[in-house]
Trainee: 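Sending over a structure as structure tokens; questions will come in a sec.
Chain identifiers are assigned alphabetically (A, B, ...) following the order of the sequence lines, protein sequences preceding nucleic acid strands; residue numbering begins at 1 within each chain.
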Protein chains: 2
Amino acid sequence: MNNSQNENSICGCNIIHEDIVNKVSQLLPADDLLYKLSDFFKIIGDKTRIKILHALFESEMCVCDIAYLLNMNQSAISHQLRVLKTAGLVKFRKEGKVVYYSLDDDHVKNILDQGLIHLSHK
Amino acid sequence: MNNSQNENSICGCNIIHEDIVNKVSQLLPADDLLYKLSDFFKIIGDKTRIKILHALFESEMCVCDIAYLLNMNQSAISHQLRVLKTAGLVKFRKEGKVVYYSLDDDHVKNILDQGLIHLSHK
DNA sequence: TGAACATATGAACAAGTATTCATATAAGGA
DNA sequence: TCCTTATATGAATACTTGTTCATATGTTCA
């Protein structure tokens with residue numbers, strides 16, 4: 001237990017447990033890494049994108065197929081596919097006019113499945 | 001290959017591969033479940049909350065400690081702790097004025113670690 | 001070459017959300 | 001009881017982001 005007299009200007013209160021804060025502070029991963037991590041979860045934390053990913057678990061699909069499947073217009077799907085592509089979660093191949101998207105990462109299915117397990121245990 | 005003459009009013013294009021769409025449509029988890037799943041990832045897809053969770057991996061902490069550790073004011077942390085509490089990811093115990101937060105879910109650390117593995121493999 | 005179509009993309013708009021500020025609540029100590 | 005302090009919370013603000021609309025690009029086919 002370690003209190004200082006004046007409240008801290010940063011957080012607006014005193015440090016109650018300086019020893020714990022110091023210990024945890026050292027063990028915490030770098031900000032940079034944690035930001036990347038939260039960005040990754042942000043990508044899969046969207047209902048449209050998570051549906052696209054689940055669809056691609058089953059089969060590669062073209063933009064038009066996905067749009068029809070999800071009952072959304074082509075533009076919205078195309079925008080979201082770009083997000084997934086930029087994040088390295090999907091890749092594509094072109095065949096004439098048609099662009100086929102598929103998964104580009106083995107871990108993603110694993111992580112989504114873990115999420116489902118989490119939900120089922122709550 | 002299966003084209004209809006007029007473009008589809010829903011997605012603004014024709015279905016290219018009706019067979020695939022039908023197959024995937026049957027295999028896709030229920031909307032309800034996928035929404036819950038994306039909500040879960042949305043919770044951990046925030047830099048402040050992911051820092052809080054990582055901090056709590058190491059030790060239970062009071063609100064003030066977390067605020068000081070993350071260099072944020074008490075109110076912001078309190079709001080985010082409520083989000084995490086509502087999602088069932090953290091729990092708390094009271095000791096006088098002080099409220100101690102800790103993890104309330106075993107799967108979360110696992111999932112975050114998987115996320116880190118994903119990042120390191122990219 | 002021109003029409004049709006699959007996809008991409010920029011801009012605008014709408015909706016959601018994280019943080020701040022002010023203040024309330026509740027507990028401890030003088 | 002009054003003062004201090006730890007936490008919670010409602011409202012306002014600022015920011016982020018998903019979707020739509022209009023349009024551009026690029027390919028096929030007649």
Trainee: Heavy atom of residues 68-79 of chain A under 4.0 Å from DNA chain D: which residues?
Mentor: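 The stretch gives A:Met72, A:Asn73, A:Ser75, A:Ala76, A:His79 as the residues lying under 4.0 Å from the strand, ordered by number.
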Trainee: I'd like to check A:Ile20 versus B:Leu69 (side-chain heavy atoms, cut-off strictly below 4.5 Å). Are they in contact?
Mentor: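 They are not in side-chain contact.
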Trainee: How many whole angstroms separate atom CZ of B:Arg93 from atom P of C:dA27?
Mentor: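 Rounded to whole Å, this separation is 16 Å.
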Trainee: If only side-chain N and O atoms of A:Arg82 are considered, is one of them under 4.0 Å from the OP1 or OP2 phosphate oxygen of C:dA8?
Mentor: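 It does not, given that no N or O in the side chain of A:Arg82 lies less than 4.0 Å from OP1 or OP2 of C:dA8.
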Trainee: Name all pairs fulfilling the side-chain hydrogen bond (donor to acceptor under 3.5 Å, both in side chains) condition that reach into residues 60-77 of chain B, sequence neighbours left out, sorted by first residue then second.
Mentor: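 Listed once each, the pairs are A:His17-B:Asp65, B:Glu60-B:Arg93.
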Trainee: Take the protein atom CG of A:Leu81 and the nucleotide atom C1' of C:dT9, then report the distance between them rounded to whole Å.
Mentor: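 These atoms are roughly 13 Å apart.
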Trainee: Output all residues satisfying side-chain hydrogen bond (donor to acceptor under 3.5 Å, both in side chains) with A:Gln80, sequence neighbours left out; order by chain, then residue number.
Mentor: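 Partners of A:Gln80 by the side-chain hydrogen bond (donor to acceptor under 3.5 Å, both in side chains) criterion, ordered by chain and then number, come out as A:Arg49.
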Trainee: Find the distance B:Tyr100:OH to C:dA27:P and express it as a whole number of Å.
Mentor: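 Taking atom P of C:dA27 as the reference, OH of B:Tyr100 is at 15 Å.
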Trainee: Once you apply a heavy-atom cut-off of 4.0 Å, does B:Tyr101 come out as touching a base, just sugar-phosphate, or nothing?
Mentor: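 Sugar-phosphate, no base atom in range.
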Trainee: Do the charged groups of A:Asp31 and B:Lys51 touch, with an N to O distance under 4.0 Å?
Mentor: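 Salt bridge present between A:Asp31 and B:Lys51.
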Trainee: Atom NZ of B:Lys47 to atom P of D:dT16: distance rounded to whole Å?
Mentor: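 Result: 9 Å.
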Trainee: Go through the structure and list residues passing ring pair (Phe, Tyr, Trp, His ring centres under 6.0 Å) with B:Phe40, not counting sequence neighbours.
Mentor: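 Applying ring pair (Phe, Tyr, Trp, His ring centres under 6.0 Å) to B:Phe40 gives A:His118.
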Trainee: Quick one: B:Leu84 CG to D:dA8 P, roughly how many Å, whole number?
Mentor: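 Interatomic distance, CG of B:Leu84 to P of D:dA8: 12 Å.
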Trainee: Distances for protein N/O vs nucleotides 28-30 of chain D N/O pairs under 3.5 angstrom?
Mentor:
none

Trainee: Test A:Leu53 against every option in A:Val108, A:Thr48, A:Asp105 by the side-chain contact (heavy atoms from CB on, under 4.5 Å) rule and name the one that passes.
Mentor: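 Per the side-chain contact (heavy atoms from CB on, under 4.5 Å) rule, the option paired with A:Leu53 is A:Val108, out of A:Val108, A:Thr48, A:Asp105.
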Trainee: Hey, could you give me the CD1/CD1 distance between B:Ile111 and A:Ile111, rounded to the nearest 0.5 Å?
Mentor: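 Going from the CD1 atom of B:Ile111 to the CD1 atom of A:Ile111 covers 8.5 Å.
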Trainee: Answer whether the closest heavy-atom distance between the side chains of B:Leu56 and B:Ser102 falls below 4.5 Å.
Mentor: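 No, too far: nothing below the 4.5 Å cut-off.
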Trainee: Grab the CD1-P distance between B:Ile52 and C:dA18 for me, whole Å please.
Mentor: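 Result: 11 Å.
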Trainee: For the pair made of CZ in A:Phe41 and P in D:dT17, what is the distance, rounded to whole Å?
Mentor: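 It is 17 Å, rounded to the nearest whole Å.
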Trainee: Please collect all ring-ring contact (aromatic ring centres under 6.0 Å, His included) contacts where either partner lies in residues 74-95 of chain B, sequence neighbours excluded, each pair once.
Mentor: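 Sorted result for residues 74-95 of chain B: B:Phe92-B:Tyr101.
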Trainee: In this structure, how many angstroms lie between the C1' atom of C:dT19 and the CD1 atom of B:Ile66, rounded?
Mentor: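 Computing the B:Ile66:CD1 to C:dT19:C1' distance gives 17 Å.
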Trainee: Scan A:Lys94 against the nucleic acid and name what it touches under 4.0 Å (heavy atoms): base, sugar-phosphate only, or nothing.
Mentor: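 The residue A:Lys94 makes no contact with any strand.
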Trainee: Could you check which of D:dA6, D:dG18, D:dT7 has an atom nearest any side-chain atom of A:Asn14?
Mentor: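 Looking only at heavy atoms from C-beta outward on A:Asn14, the closest nucleotide is D:dA6.
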